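Model, not experiment: these values are computed from the prediction.
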Amino acid sequence: MTASADHLTEMLRGLRLDGVDYSRCQMATPWGVAFPQSREACFHFISRGSCWLRTPAGEWLELRDGDAVLLPRGGGHVLASAPDVIASPPCDCRVREAYGNVFDVEGGGTGEHMLVFTGRMTFNVDLDHPLLRLMPDMMRMSDFIANEPGIPHLLAAMGQEVAMDRVGAGGILARLADVLAAAIIRSWVERGCGAAKGWVAAARCPQIGKVLAAVHAHPETDWTVESLAELMGASRSGFAERFAEVVGETPARYVAQVRMHQARQWLARDKLRIAVVAQRLGYESEASFSRAFKRITGMAPGQVRAAGEAPPAAMFTPSAGAAE
């Protein structure tokens, strides 16, 4: 493994997907479901049959048996039996809670049936993380299978679990979906993230990649230009010039952004007190941290903490009387 791949691996270790809810959808033609814009990533696996997907950009793509797609930024999209079918919102489907956050969903007309397994996931990092900002609207598993020899086996296992409807299949499917989504992201990163400059180029640069990995792994560290230059093994001026050239902004600005993204997670998700966050990040006072936070994020830390992270509404709502 190359040094640059090592740095990417280090940063990816901290990038985790957590499942929100999963649905085993049995749809009969004609059918169409319009998935609205969401803060959560969306995953679809076509277990039986075929369907069409309208991407957030409005392009129609045919998905066949065994296809899997990930929409990492939760862009609004449509799944349908054909592009000319009028799509309805997920709430129009018939839904039964299987258990926990796994649902059985039925919808459509009276024609041929197909089976699709859908999952929603959240990233454990701030949505402004450079890696998330660079991700495309949609990633298709077939584009990455050549670099992921284990993927066909995972897809086959998902297909068997969906089709056989065995006891505990929902939980197994959820875990397999998480693994598949992570594999898509890893392969996308290793193939260059679809870009040749900016943050991707920086992450793949052996010298700068080492610095980025350290900053993302330990945002609470009081990083200075001097300490980062030492980590890279360069002079202060040489490092600053090289960093700005590859990353597109100064080291100080980049470090400040990463630190405030982490602070936003601590405030909104973990509900830590502002004083505690300020102390963790090494600020001399809560006031100085608050000024820096607002300068970078545009919001006061108190606003972010009070708002928190609203739990996502269920994609498919169980039908009234479904459990009877």
>> Would you compute the distance between atom CZ of Phe43 and atom CG of Leu180 and round it to the nearest 0.5 angstrom?
In response: 4.5 Å

>> Closer than 3.5 angstrom, by distance alone: can the side chain of His77 be matched with the main-chain N or O of Gly75 as a donor-acceptor pair?
In response: yes

>> Measuring from atom CZ of Arg291 to atom CD of Glu286, what distance do you get when rounded to the nearest 0.5 angstrom?
In response: 11.0 Å

>> Keeping Thr29 on the side-chain end and Glu112 on the backbone end, is there a donor-acceptor pair under 3.5 Å?
In response: yes

>> Walk me through whether Cys93 and Trp31 qualify under side chain to side chain contact (heavy atoms under 4.5 Å, CB included).
In response: CA-CA 10 Å; Cys93 294; Trp31 65 272; over 6 Å; no

> Do Trp266 and Leu281 come close enough that some side-chain heavy atom pair is under 4.5 Å?
Replying inline: yes

> Is there a donor-acceptor pair closer than 3.5 Å between any side-chain N or O of Ser38 and the backbone N or O of Gly74?
Replying inline: no

>> For Tyr254 versus Glu249, what's the shortest heavy-atom pair and its separation?
In response: CD1-OE2, 3.5 Å

> So, for Gly111 and Ala28, which heavy atoms are closest and what is the spacing to 0.1 Å?
Replying inline: O-CB, 3.7 Å

> Are Met27 and Leu53 joined in one hydrophobic group, where the rule is that I, L, V, M, F, W and Y side chains link up if heavy atoms are under 4.5 Å apart?
Replying inline: yes

> Given Ser142, which of Val69, Asp67, Leu155 fulfils the side-chain contact (heavy atoms from CB on, under 4.5 Å) condition?
Replying inline: Asp67

> In a check of side-chain contact (heavy atoms from CB on, under 4.5 Å) between Thr297 and each of Met260, Gln303, Gln257, which one passes?
Replying inline: Met260

>> Quick one, Val255 with Leu228, criterion side chain to side chain contact (heavy atoms under 4.5 Å, CB included). Give me CA distance, side-chain angles, the key distance, then yes/no.
In response: CA-CA 10 Å; Val255 169; Leu228 293 174; 3.9 Å; yes

> What pair of heavy atoms forms the shortest contact from Thr221 to Arg259, and how long is it?
Replying inline: O-NH1, 3.0 Å

> With a 4.5 Å limit on heavy-atom distance, are the side chains of Arg64 and Ile46 in contact?
Replying inline: no

>> Do Leu115 and Val85 sit in one hydrophobic cluster, given that two such residues count as connected whenever their side-chain heavy atoms are within less than 4.5 Å of each other, even indirectly?
In response: no

>> Can you confirm whether Met232 sits close enough to Ile208 that some side-chain heavy atom of one is under 4.5 Å from a side-chain heavy atom of the other?
In response: yes

> How far does CD of Gln207 sit from CG of Leu212, to the nearest 0.5 angstrom?
Replying inline: 11.5 Å

>> Starting from Val78 and following side-chain heavy-atom contacts under 4.5 Å between hydrophobic residues (I, L, V, M, F, W, Y), which residues can be reached?
In response: Trp52, Trp60

> Rounded to the nearest 0.5 Å, how far does CG of Asp104 lie from CD of Glu97?
Replying inline: 10.5 Å

> Are Leu63 and Leu79 side-chain neighbours, meaning at least one heavy-atom pair lies under 4.5 Å?
Replying inline: yes

> Hey, are the side chains of Arg305 and Arg273 touching, using non-hydrogen atoms and a 4.5 Å cut-off?
Replying inline: yes

>> Nearest 0.5 Å, please: how far is CG in Asp21 from CE in Met121?
In response: 10.0 Å

> With a cut-off of 6.0 Å (strictly less than), are more than 12 heavy atoms of other residues, nucleotides or ligands near CD of Glu230?
Replying inline: no

>> Are Pro56 and Leu71 packed together at the side-chain level, in the sense that at least one heavy-atom pair is separated by less than 4.5 angstrom?
In response: yes

>> Counting only heavy atoms from other residues, nucleotides and ligands, does the tally under 6.0 Å from CD of Glu220 exceed 12?
In response: yes

> What closest approach, in Å, do Lys271 and Ala307 show between heavy atoms, and which atom pair accounts for it?
Replying inline: NZ-C, 4.3 Å

> Does any non-hydrogen side-chain atom of Val211 lie less than 4.5 Å from one of Phe239?
Replying inline: yes

>> I need the minimum non-hydrogen distance between Ser50 and Glu62, along with the two atoms involved.
In response: OG-OE2, 4.1 Å

> Is the shortest heavy-atom distance from the side chain of Arg140 to the side chain of Ile184 under 4.5 Å?
Replying inline: no

> Between Arg175 and Asp178, is there a salt bridge with N-O shorter than 4.0 Å?
Replying inline: yes

>> For a quick test of reading the model, state the closest non-hydrogen atom pair linking Pro301 to Ser290 and the distance between them.
In response: CG-OG, 3.5 Å

>> Pair Phe35, Arg120 - check side chain to side chain contact (heavy atoms under 4.5 Å, CB included), show working.
In response: CA-CA 11 Å; Phe35 295 88; Arg120 285 194 306 160; over 6 Å; no

>> Would the distance check show the side chain of Trp223 and the main-chain N or O of His218 forming a donor-acceptor pair, the cut-off being under 3.5 Å?
In response: yes

> Do side-chain atoms of Thr55 reach the backbone of Ala57 as a donor and acceptor pair under 3.5 angstrom?
Replying inline: yes

> How far does OG of Ser47 sit from CD of Gln26, to the nearest 0.5 angstrom?
Replying inline: 9.5 Å

> Using 30° and 60° as the class limits, which term best fits the ring planes of Phe117 and Tyr22: parallel, tilted or perpendicular?
Replying inline: parallel

